[in-house]
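Note sheet for the following structure.
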Amino acid sequence: MQLTSATPLLRRALAARYAIGGFNVQTLEMVQAVVETAQEERSPVILQFNPANIQHVGMAYAAALGRVAAAAVSVPVVLHLDHGADFTQAAAALRAGFTSLMYDGTPYPLEQNIAITTQVCQMAHAVGVSVEGEIGQMGGEEEGVFTAQGAGAMTDPQEALQYVEETGVDALAIAVGNTHGMRAATGSLDMKRITAVRERVELPLVIHGGSGVSDAAVREAIARGVCKFNVATQLNQGFLLGFQRSLQAHPDTTNPRAALAAAREQVKEAVRARMRLFGSSGKA
Ligand code: 13P
């Protein structure tokens, strides 16, 4: 299939109370692992590149990988820019062929975040591409950047409503105790805050830091209206584990292909487990 916009998929997921994984990828094998598993699970899927990973593979390669991956399967695949840092980057991703954009204006004051998000929405919506915005400050580490979540940094439901009304975003990422880069899925979420946002905002809600959210918290968040979870660390851990094990088993090899294939298999298992937990398996 051709790459598709995220909005109809997320709206369907929200209505039927399941979530779609936004899986961060860094290599060809990770792209293959995500779409092959989506096909096997009959699950819609969001393939995402963040700016560091785009820098690693190149914007044109990232877009081409997404296009080829989508064409290889019959389930819907979205190619999403994760944590777009500015308008220019969003425009470059749009031109390259991404079908969904995130603009992350959380480092800036609310007015500035609203102003730039609005511009990104106007540009993306003109060509049928969806936009995810974010409000509130998450804690944790992503791509070497550490942020601590202070008490007042979680998403304020009233501010979320203002942001959504003024920008026109299609999906909203919220900070409700979720943390980027956790090594184990042990974290809980502020469920009351999710509901308080949901009571004001009827858009698809997104939780970043999906690797660190416990199974029970994932289920409850979905029941309260979260319909996209971003997952990066679990895939990275799987890739490195598969690669390492293969090298340990064949320390004298001069060919990286077996280790890359083992890495791909391990990523597939991580993706499969999350798709089943999110309830997206069988939904495409
Ligand atoms: P994790 O690395 O914690 O899964 O977070 C991924 C993420 O939120 C990407 O935007």
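Counting starts at 1 for both ligands and their atoms, in listed order. If you're wondering where the values come from, they're calculated on a predicted model, not measured in any experiment.
- Atoms of ligand 1 lying under 4.0 Å from at least one heavy atom of T233, given by number and element, are 1 (P), 2 (O), 3 (O), 4 (O).
- Partners of Y103 by ring-ring contact (aromatic ring centres under 6.0 Å, His included), not counting sequence neighbours: none found.
- The existence of a salt bridge linking E41 and K283 is excluded, since no basic side-chain nitrogen approaches an acidic carboxylate oxygen closer than 4.0 Å.
- Residue Q234 does not touch ligand 1, judged by heavy-atom distances below 4.0 Å.
- When the shell of 6.0 Å around CZ of R95 is examined, it contains 12 or fewer heavy atoms from other residues, nucleotides or ligands.
- Listed by number with element, the atoms of ligand 1 under 4.0 angstrom from any heavy atom of D82 are 9 (C), 10 (O).
- Aromatic pair F229/F278: centroids less than 6.0 angstrom apart.
- Close approach of ligand 1 to A232 is summarised as follows: ligand atoms under 4.0 Å from at least one heavy atom of the residue are 1 (P), 2 (O), 4 (O), 6 (C).
- Salt bridge E202/R11: present, at least one basic N to carboxylate O contact under 4.0 Å.
- Ligand 1 has G181 within reach: a non-hydrogen atom of the residue lies less than 4.0 Å from it.
- Taking a cut-off of under 4.0 Å to the non-hydrogen atoms of V231, the atoms of ligand 1 that pass are 4 (O).
- We find that R276 and D215 are not joined by a salt bridge, their nearest charged nitrogen and carboxylate oxygen being 4.0 Å or further apart.
- Counting the atoms of ligand 1 from 1 in the order shown, those under 4.0 Å from a heavy atom of H83 are 10 (O).
- No N or O atom of Q48 sits closer than 3.5 Å to an N or O atom of ligand 1.
- Here N50 has no heavy atoms under 4.0 Å from ligand 1, in either its backbone or its side chain.
- For F49, there are no ring-ring contact (aromatic ring centres under 6.0 Å, His included) partners, not counting sequence neighbours.
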